[in-house]
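Here the structure comes first, spelled out in structure tokens, and everything after it is commentary.
Bear in mind the structure is a predicted one, so any value in this text is a computation, not a measurement. Below, chain A is the first sequence line, B the second, and so on; all start at residue 1.
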Amino acid sequence: MSAIATLPTEMVRHDHVASRNAEQIALKVENLEAQYGRGCSACHELTGPEHSTNVCGQCGTVIACADVSFAVRAGRTLGIVGESGSGKTTVLRCLYGDLNPAGGTASLMTYEDGRANLFTASAQVRRRVRNFDMGMVYQHARDGLNLRISAGGNVAERLLAAEWRRVDQIRARAGHLLERMEIPRSRMDTPPSAFSGGMQQRVQIARALANGPAVVLLDEMTSGLDVSVQAGVLDLVLELQRTEGVAMVVVSHDLGVIRLLCERTMVMKNGRVVESGLTDQILEDPRHPYTQLLVSSVNA
Amino acid sequence: MSVFTPQPITHGAAGQSSATALPLRVRNLHKTFTLHVLGGKHVPAFHDVSFDAPAGGFLGIAGASGSGKSSLLKCIFRTYLADSGSVTWNLTDGSEIDLVQATDDEVLDIRRDEIGYVSQFLRPMPRVTAIDLAARPLVERGMERAEARERIADLFARVRLPRDLWDGLPVLFSGGEQQRVNLVRALAVAPRLLLLDEPTASLSPDLQAEVVTLIGEARDRGTTLVGVMHDTDLLNRLSDQVIVLDQGRRVA
């Protein structure tokens, strides 16, 4: 069943409105770096794909990611692929403020017109940007949801953070978003702990969209789901891409998901970006040895 | 009346033959694959290829299997990255862009607005019906879904795609049926440049004839075409000019 039929018309922004906005860079990241450990002067030299490790041989610091730069336009989706430990989730966590980067800049179109570095903003400002302009879907529902409060309450939490104050409006918006995610209003007061994995991910997406964000970050959102349930979640994300005009960053190790959702793809290994390009180019004409291995290992 | 009415959303590009005489200029294009998985083996695709495609004309590319024809088309579309050389495209606004050097976002814009690509293989999207799949580029350009579906339905009828398949899933279609979905999808948006890789390979002769008519109509509207075909008779019939590749080099 197509998701389109279930979308209330007032939520559907006309497609070419979204594409008109699309000239704008919604999110720009330059030289992002994150590490676990004190670090030393040799860390950069001794880590990365050419050393096949992200652990500094001299001081033992983990360079989770370094020299990561990219920009995403409004209405477009960037995929990040790479094996476990390549740093792709770290990138999202730094952007969403779950982790403090060691260096680099991030600018958001909606924050100071993209002129200020989000990473050096005060904790209060960062929280505000996260609450008003960003959404995140985590791999595990337990990281993104409070499983013990109701599904509606999970969405309402984000609305309250974005300074929605009227209970009737909050309840209407939460119900509307959940319905859009194909969670019936009758289940709105049920806690997500009683939901299936696919439903939990859909509550996460509703929550991530609650504040009308400019940037949505999706971390392996379909990894734990069986294929038919994955399909439903992916269809909803595709529908959102067409209607919302948000910039998305999708982290996945599943090239099928990347091919379906992302126009552009960045490949990471040992904390560094080894290659980036149009998704069809990355899949059909991969240049880096790691990307070639990745692509030849599966039939995406 | 032709179903190919010019579309307002394409800036009126298709159909205006007043555009530059040479919308596409390929110069000294070179492509070699380096296969690290096979110990760094080099596989040359083509070497030092240059040609011009005249506006509103059909440029045919002939050559044996493995001569680099399809790779050349993929390089123009940027599915493959050329190692050197240039692919200069004249944009609707008269400016020029080198598709080898253009940013990913620029290429995505140009693919949406100006350049189409049809291969003999359809890449179905999971759970998307044939008619919606073919209508997608129109919708992406801002057309209402209902109108887009109507336009696609007209074209499906012309290529005699059985009506009960329109709302079917293309992944279950035969090769010839998939190919028609693919062609209709590309032709419906009336791109300024259309790259055709064996567009008639799995079609019966009568369907081939219909596709040839559709391609002719696209050309009459001002679409520039670059096509690769095994069928040399058909290629010669369609083309205003034919270039020939042999082992990755242009020999004629």
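For the residue pair A:D235 and B:P126, the shortest heavy atom distance occurs at OD1-O, 4.4 Å. For the pair A:R287 and B:L81, the tightest heavy-atom approach, listed with the atom from each and the gap, is NH2-O, 3.1 Å.
For B:V107, the part lying under 4.5 angstrom from a heavy atom of chain A is the side chain only. Within the 4.5 angstrom heavy-atom criterion, only backbone atoms of B:T34 (N, CA, C, O) approach chain A. When heavy atoms are compared at a cutoff of 4.5 Å, A:I282 does not approach chain B at all. In this structure, chain A has heavy atoms under 4.5 Å from both the backbone and the side chain of B:Y80.
Side-chain contact check for A:Q281 versus B:K74: every heavy-atom pair is 4.5 Å or farther apart. A heavy-atom distance below 4.5 Å is found between the side chains of A:D285 and B:K31. Counting heavy atoms from C-beta on, the side chains of A:E263 and B:D104 never come closer than 4.5 Å. Contact check for B:H36 versus A:T291: no side-chain heavy atoms found under the 4.5 Å cut-off.
The distance from the CZ atom of B:R127 to the OG atom of A:S228 is 9.5 Å, given to the nearest 0.5 Å. A distance of 6.0 Å separates CG in B:L35 from CD in A:Q292, rounded to the nearest 0.5 Å. Atom-to-atom distance recorded for A:L260:CG and B:M125:CE is 5.0 Å, nearest 0.5 angstrom. Remark: B:T79 OG1 to A:L283 CG distance equals 10.0 Å, nearest 0.5 Å.
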I'd like to know whether A:R73 forms a side chain to side chain contact (heavy atoms under 4.5 Å, CB included) with B:D109, so could you lay out the CA-CA distance, the side-chain angles of the two residues, the decisive distance to 0.1 Å, and finally the verdict. CA-CA 11 Å; A:R73 275 209 217 164; B:D109 287 345; 2.8 Å; yes

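For B:Q247, the CD atom sits in a loose shell: 12 or fewer heavy atoms of surrounding residues, nucleotides or ligands are nearer than 6.0 Å.
Your options are A:G277, A:A71, A:S276, and the one with the most heavy-atom pairs under 4.5 Å with chain B is A:G277.
Here B:R78 does not pair with A:D280 in a salt bridge; the nearest charged N to carboxylate O distance is not below 4.0 Å.
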